[in-house]
Amino acid sequence: PDGQDVDIVGCAFGYTSNSGLDFNSNYKSFTNPTTVSFGFRTDDGMSGPINVGFNFKFFERQYNQIFISTNGFLSLGSEEPIPYSTNYPIPSDFLPNTIIAPFWGDLYLTNTGPNPSSVKYELMGSSPNRNLVIEWIAMRRVNDPDGLYTFQVQLRENGDIYFGYK
């Protein structure tokens, strides 16, 4: 139902999804972000490990590092995953299995035109209310080069996860 928490089917960990959230109401603006480096990979790129800044609980495990993919997801843990651009069932024999995906698609960065792409992150707040905010800005999607996709995920110190879309 709109505006109410809905149990995620098959989830024994108590996670819920709220279908009535205004995705823009919790959107965070950066004050001093760090730009993610993907090296020379503008398509199917994966960042090096990034410190979360606090222990983040996800499915009963604590994580303090993430990897960020140009393909609209992040992976938790210390093993570098493969930056798959195609959605596949999880769990799988291939990494990543511990992902948070606000927009898992075949996305890429471009520096051409008036809207260059980037991925940025910033740790906000103070303990025990810190948020790690990761934002994909003006991303392009394969087979839709004119579309621009801007979205973010917030990992909150209390274990909550928020998605935001512009």
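Fair warning: this is a prediction, and the values are worked out from it, not measured in the lab. Positions are given from 1, in the same order as the sequence printed here. Because only heavy atoms are used, hydrogens play no part in the values below, and waters and symmetry mates are left out as well, while side chains stay in.
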Considering only heavy atoms from C-beta outward, does the side chain of Lys28 approach that of Phe30 to under 4.5 Å? no

Ser47 side chain vs Val36 backbone, donor-acceptor pair below 3.5 Å: no

State yes or no: do Ile137 and Ile100 share one hydrophobic cluster built from I, L, V, M, F, W and Y residues joined by side-chain heavy-atom distances below 4.5 Å, directly or via other members? no

For the OG1 atom of Thr150 and the CG atom of Asn115, what is their distance to the nearest 0.5 Å? 8.0 Å

What are the two closest heavy atoms between Glu157 and Arg130, and how far apart are they? OE2-NH2, 2.6 Å

If only atom types and distance count, is the side chain of Glu135 paired as donor or acceptor with the main-chain N or O of Val153 below 3.5 Å? no

Leu107 side, atom CG; Asn71 side, atom CG - distance, nearest 0.5 Å: 6.0 Å

4.5 Å side-chain heavy-atom contact, Leu132 and Ile66: yes

For the hydrophobic clusters of this structure (ILVMFWY residues joined by side-chain heavy atoms under 4.5 Å, transitively), does one cluster hold both Val133 and Leu76? no

Shortest non-hydrogen contact between Gly72 and Pro102, atoms and distance: O-CD, 3.2 Å

Donor-acceptor contact present, side-chain Ser69 to main-chain Met46, <3.5 Å: no

When rounded to the nearest 0.5 angstrom, what is the spacing between CZ in Phe59 and OG1 in Thr98? 10.0 Å

Any donor-acceptor pair under 3.5 Å linking the side chain of Arg141 with the backbone of Met139? no

What are the two closest non-hydrogen atoms of Phe54 and Leu155, and how far apart are they? CZ-O, 3.3 Å

Return each pair, listed once, that meets ring-ring contact (aromatic ring centres under 6.0 Å, His included) where at least one residue sits in residues 115-139; pairs must be two or more places apart or across chains. Trp136-Phe151

Please determine whether residues Phe103 and Tyr108 belong to a single hydrophobic cluster, defined as Ile, Leu, Val, Met, Phe, Trp and Tyr linked transitively by side-chain heavy-atom distances below 4.5 Å. no

How long is the span from the CD1 atom in Ile99 to the OG atom in Ser75, to the nearest 0.5 Å? 7.5 Å

Of the options Asn32, Asn131, Thr34, Thr31, which is the one that meets Glu122 in a side chain to side chain donor-acceptor pair (under 3.5 Å)? Thr31

Is the backbone of Ile50 close enough, under 3.5 Å, to the side chain of Gln65 for a donor and an acceptor to pair up by distance? no

Is the side chain of Thr70 donor-acceptor paired with the backbone N or O of Gly45 at a distance under 3.5 Å, no angle test? yes

To the nearest 0.5 Å, tell me how far Ile68 CD1 sits from Ser37 OG. 11.0 Å

Cation-pi geometry met for Arg156 and Tyr162 (6.0 Å, 45°): yes

Nearest-0.5 Å distance that lies between atom OH in Tyr149 and atom CZ in Arg140: 10.5 Å

Given Asp44 and Asp106, is the side-chain contact (heavy atoms from CB on, under 4.5 Å) satisfied, shown in steps? CA-CA 8 Å; Asp44 297 335; Asp106 197 358; 3.7 Å; yes

Cluster link Ile134 to Tyr165, ILVMFWY, side chain under 4.5 Å: yes

Ile161 reachable from Leu74 in the ILVMFWY side-chain graph, under 4.5 Å edges: yes

Measure the acute angle between the ring planes of Phe56 and Phe58, then classify it against the limits of 30° and 60° as parallel, tilted or perpendicular. parallel

Closest heavy-atom pair, Ala138 versus Pro116, reported as atoms and distance to 0.1 Å, is CB-O, 3.7 Å

Set of side chain to side chain donor-acceptor pair (under 3.5 Å) partners for Asn55, sequence neighbours left out: none

